[in-house]
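Okay, so here's the structure we're looking at.
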Amino acid sequence: MTSGGAGGGGKAAAALRLQHYLIMAGVAAAVVLACLRYAPAAAGYGFLAVAPPAGAGRLVRAAADGGARDPPPAPSSVVIFNFGDSNSDTGGMAAVNGMNLNLPEGRTFFRRPTGRLSDGRLVIDFICESLHTPYLSPYLKALGADFRNGANFAIGGSTASPGGSPFSLDVQLHQWLYFRDRSMEMINLGQKPPVDRDGFRRAIYTIDIGQNDLSAYMHLPFDQVVAKIPSVVAQIKYTIETLYAHGARKFWIHGTGALGCLPQKLAIPRDDDADLDAHGCLKTYNAAARRFNALLAGACAELRRRMVDAALVFIDVYAAKYDLVANHTAHGIARPLMACCGYGGPSYNYNHFKACMSAEMQLCDVGARFVSWDGVHFTEAANAIVAAKVLTGDYSTPRGITIASLVNSTLVASNDG
C-alpha cells in the first residue's frame, strides 16, 4: 500500500482514495454496526485505582483514606461531560438520525440495540461503572435522557476539525455552552437544573476524538498527514481552553488508538506487505497515531503549566489498545486483527461494501473473544480490557492519576507542571 510517499501505483492510490471516501461514509456504515454488552464479570476485569504519587499533579485528597486505593465516589458527586466520536458515542448518532437499529447490536449485554457502535459497553461506560454513576445520556436523545450526572456530546463520525462532520468538536462545544447557559438561566429563575453551578465546577470533562481526522488524511503522503496533525490538536486544545474559561477544572483526555491494527484499514488493497509490522499492523497508520498522541500530550503539558488551578490528565490509549494485538494470546484472543461482525472471513472479515449488519454478514459466536466488533470499533470484551488498564493510572500523564482520584479531589494552585 502506498504510504509515506513510497511507490504510488495507480491501484494503491485508487484504493487509498476509496478509503478516504469510505471514512466519510463510515458513520452510516458504522451505524449499521452493533452495540451491546458482553459482560466479562467472570473474566475478572477489576478497576484498580492507585493513589496519585506525590508531586504528580495538582490533586489534593478531599479526605485522607490511608490506603492505596481511591475510595469510590458517591454517586451524587460524579458529573461527567464527554466529547468525542463513535468510540464514546452512547447513542447520539442513532438519536440524531432517527435510526432504529437491530440485533446483533446489543446482543451480549443490553440485549437490545442502544446506538453504541459495539456489541456492548464502551470504555466510557466502564468508566461510569467504576465511578458508580449511571451511563451518560446522549445530549440529543429526546426520550429517556437523564442529565443529572452530566451529558454525552459524542457523535459517531465526528472530527476534531470544524466542518469535517456535522457534529465536529466545535459544535459539541457549543452544545455544552448552550446546556450550561440554559442551566444557569434555570437557576436564576429559581428552578432546579439537572446540573447546578457546583456540578459544572467539579465535573470531569472527558475528550476522546481525532481518529476520524487522521483516517481522512491517510490517503495523502505521510509528510502531508504529519503537517495536518497540529491543526487537529489545536482544535482540542482550544476546546479545553474554552471549557476552562467557563469554569471547567478537571480534564481527562484520551489519545487515539492503533489505527493500523483496525481490520478496516488492513482490508484496503495493497501492493505488498512492506508496511506491516511484526504483529501485522500498518506501520504508517500507527506512526500517524503516535505522532498525533505526542502532539496532544505536548499540548496538555503546555496547558497544565498555564492552568495552574486545573487538573489535566492525558491517557495513552494507543499503548493500551496496541497491547491487545501485541499480547493477544495473554488476553485469550486468537485473531486480534479480524472483525467479529463483517464479511469475507479470515484474515480480517471486513469488506468495504458488505459491512456488519448487512444481509450477508458473517458473525462470530457470542462469547468469542475478538478485539474488533465491526472492523472499526471494539468489542465489549476489548473495551473492558482497555478500560481496566486506563483506570489503573498506569497510562496517565501525570503518572498514577486515576479518574477516581480526580473526582475525589480538591484543586490548588501549583507550579509542578
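Values below: every heavy atom of this structure, side chains too, minus hydrogens, waters and symmetry copies. All residue numbers in this chain count up from 1 along the given sequence.
- In this structure, the ring of Tyr350 has its center less than 6.0 angstrom from the ring center of His352.
- With hydrogens and angles disregarded, no donor-acceptor distance shorter than 3.5 Å links the side chain of Thr256 to the backbone of Ala289.
- Around CZ of Arg180, the count of heavy atoms belonging to other residues, nucleotides or ligands within 6.0 Å exceeds 12.
- Remark: Arg182 is positioned above the aromatic ring of Tyr178, its terminal NZ or CZ atom under 6.0 angstrom from the ring centre and at most 45 degrees off the axis.
- Asp213 places a side-chain N or O within donor-acceptor distance of the main-chain N or O of Ser161, the cut-off being under 3.5 Å.
- Contact record, Ile315 with Ser396: CD1-OG, 3.5 Å, taken as the closest heavy-atom pair.
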Open item on the list: Please determine whether side chain to side chain contact (heavy atoms under 4.5 Å, CB included) holds for the pair Asn87 and His377, giving the CA-CA distance in whole Å, both sets of side-chain angles, and the decisive distance to 0.1 Å.
Closed with: CA-CA 7 Å; Asn87 289 315; His377 309 95; 4.2 Å; yes
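- Residues Pro113 and Leu101 approach most closely at CG-O, 3.1 Å, considering heavy atoms.
- In plain terms, the two heavy atoms of Ser358 and Lys354 that are nearest each other are OG-C, 3.8 Å.
- If you check the side chains of Asn212 and Thr159, you find no donor sitting under 3.5 Å from an acceptor.
- For the residue pair Ser88 / Asp208, no side-chain donor-acceptor distance below 3.5 Å is found, with atom types taken as modelled.
- The ring pair (Phe, Tyr, Trp, His ring centres under 6.0 Å) test applied to Phe147 returns Phe179, not counting sequence neighbours.
- The heavy-atom pair separating Leu296 from His254 by the smallest distance is CD2-O, 3.8 Å.
- Taking the six-membered ring wherever Trp is involved, the centroid distance between the rings of Phe200 and His246 does not fall below 6.0 Å.
- For Tyr244, the OH atom counts as densely surrounded, since its 6.0 Å shell holds more than 12 non-hydrogen atoms of other residues, nucleotides or ligands.
- Ser215 places a side-chain N or O within 3.5 Å of a backbone atom of Gln211 that can act as its donor or acceptor partner.
- Under a cutoff of 6.0 Å and an axis angle of 45°, Lys228 and Tyr217 form a cation-pi pair.
- For Tyr139, the ring pair (Phe, Tyr, Trp, His ring centres under 6.0 Å) partners are Phe153, not counting sequence neighbours.
- For Arg290, the salt bridge (charged side-chain N to carboxylate O under 4.0 Å, His left out) test picks out no residue, with sequence neighbours left out.
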